Amino acid sequence: MNVSVQYQIRGDSSNLIAASIENGIRSGRLRAGERLPTVRALAVKLRVSPATVAAAYSALRVRGLVHGSGRRGTVVNRRPPLLTRAVFPPPAPGLRNLADGGPDPALLPPLKPHLMRLDGVPGKYGDAENRAALIKLAARQFKRDAVAAESIAVVSGALDAVERVLQAHLRPGDVVAVEDPSYTGVLDLVAALALVAEPVAIDDSGPLAVDLKRALKLGAKAFIVTPRAQNPSGAALDRKRAAELLHVLAAFPDVVLIEDDHAGPVSGAPAITLSAGRAHWATVRSVSKSLGPDLRVSVMAGDALTVARVQGRQSLGPRWVSHILQDLVAMMWADTDTPAILQKAADTYAHRRRALIEALAQHGIAARGRSGLNVWVPVAEEAGVANAMASKGWAIRAGECYRIKSAPGIRVTISTLPPEDARKFAADLAESIRPREHAQSA
């Protein structure tokens, strides 16, 4: 067992044991990735039956606090659904922030003119949950990209939509096919819902069809795919890969398809959908990367049953997404200046991606990033490289939190990295990688 010696699990019932472990996680004394004692070892220590400990661990798994990890036993989740210490604290003062994955504020459409146009009349109970203007504009966008738009929901961000769709169709213990590497929020959400993530290998064109087929044959009941601006790798579907994936999915008609198109118009790649003909599906478009992270609005097209379930569950909780935010997004989408602003952002991000990839290539470093705001750089030792780059003034993200079985790497957010700075970054990364590679080979 490798439970922290500073924290002792206590209790003589399953509820008390589970509460003790939860308190340890919340206080930070049981850390993310920490392995709990085996059922038998903890039962002996606490002088209770193994069934009592097993029941406590089962309750914690259902709540998303821990997960089973094969021979490693029961492990604390990276981001359990508790108010705990931040997994990704802000970069230290003085570091150039290439770690947060967000857009360049200078490339976002101006918000103030639209705020001034709000009528100032507060929404009230009894109003329609979704603004008609927003739904109409969203439907137009979806139809333009060959996504059926008969049923649309408005939710609070892309992950909110993913969570609601998973809850609408799956139950604890069900298997979900996810990209590997994948966005940390997706992996953490799957764990928090007590679902089992089955990794699907990806390359620059997205998930590999043969690996998706393997995952679906293992019993995956849902497949979460990022059609463009894949985080962290920058992968984007092309027509050939989409056809291969559609062929695989056709043999599994009951699998729920969730498309997380979080970057949308600023991703730098065309919209491609796998949703046509699916029984249960959802395509999610967030505005966080294109209009601003604080506009917590996403629109979700899907089959009638999925959308009805999502909206029905939403009506029992938050009821609706703020009408003020919905009105702002509708105004910004309707503004004739917005398409040009978004195209400029997409072009700028593409230029910055290429500049970094080319600068790294000059030092013999391979990197990936066909679309989106991030570039993925394979490295042998993630944490060591991230620490070395921090010593040179750069904050980047070590790749371990994004991976299940895929090879190690680092994620670099390029949204605020102009070409002249990319050259300096590439030189510093080369210095950070080479001594470690030489030492390992020696």
Side-chain angles (χ1 to χ4, degrees), residues 32-33 78 87-102 104 179-184 187 199 201-206 208 226 229-236 268 348-442:
R78 282 193 306 267
V87 176
F88 300 133
L95 294 187
R96 180 75 176 275
N97 186 358
L98 305 183
D100 66 6
D104 184 346
E179 299 158 328
D180 187 20
S182 185
Y183 176 49
T184 55
L187 297 180
I202 65 173
D203 62 13
D204 287 346
S205 297
L208 302 181
T226 313
Q230 201 273 348
N231 188 352
S233 74
T348 302
Y349 294 143
H351 180 57
R352 291 174 180 174
R353 285 195 311 274
R354 288 193 298 269
L356 177 58
I357 292 172
E358 291 170 3
L360 291 170
Q362 291 177 2
H363 292 274
I365 301 173
R368 299 164 54 184
R370 284 187 58 207
S371 63
L373 310 186
N374 300 293
V375 165
W376 180 257
V377 186
V379 298
E381 186 184 349
E382 299 164 329
V385 170
N387 290 335
M389 289 299 284
S391 71
K392 297 178 183 294
W394 304 97
I396 57 176
R397 187 80 77 217
E400 182 180 10
C401 59
Y402 302 99
R403 301 186 294 105
I404 301 177
K405 294 181 179 178
S406 57
I410 56 172
R411 191 196 73 173
V412 184
T413 299
I414 54 81
S415 56
T416 59
L417 184 69
E420 56 272 21
D421 293 346
R423 291 188 286 272
K424 169 62 175 169
F425 177 91
D428 286 345
L429 184 60
E431 289 182 2
S432 299
I433 291 176
R434 296 282 152 68
R436 296 177 181 280
E437 291 180 344
H438 178 72
Q440 287 182 348
S441 62

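Side chains are part of it too, since the values below use all heavy atoms of this structure and drop only hydrogens, waters and symmetry mates. As the structure is a computational prediction, the values presented were derived from the model and not from experiment. Index from 1, following the sequence.
Proximity of Met389 to Phe425: side-chain heavy atoms (C-beta onward) are separated by under 4.5 Å at one or more points. When side chains are defined from C-beta on, Thr184 does not count as touching Arg411, because their heavy atoms never get closer than 4.5 Å. Residues Trp394 and Leu417 meet the side-chain proximity criterion, which asks for heavy atoms closer than 4.5 Å. When side chains are defined from C-beta on, Gln230 counts as touching Ile202, because their heavy atoms get closer than 4.5 Å. Contact check for Arg397 versus Tyr402: side-chain heavy atoms found under the 4.5 Å cut-off. Here the side chains of Ile410 and Leu429 are in contact, with some heavy-atom distance below 4.5 Å. Within the 4.5 Å cutoff, the side chain of Leu98 has heavy atoms near those of the Thr416 side chain.
Ion pairing of Arg370 with Asp204 is absent here, as no side-chain N (NZ or NE/NH1/NH2) approaches a carboxylate O to less than 4.0 Å. Salt bridge absent: Asp203 and Arg368 never bring a charged side-chain N and a carboxylate O closer than 4.0 Å.
Side-chain contact, Asn374 with Arg353: no donor N or O sits under 3.5 Å from an acceptor N or O. A donor-acceptor contact closer than 3.5 angstrom is absent between the side chains of Asp104 and Ser415. In the model, Glu179 has a side-chain atom that pairs as donor or acceptor with a side-chain atom of Thr226 under 3.5 Å.
Rounded to the nearest 0.5 Å, atoms CD (Glu382) and SG (Cys401) are 8.0 Å apart.
Annotation: Lys392, atom NZ; neighbour count of heavy atoms from other residues, nucleotides and ligands within 6.0 Å is above 12.
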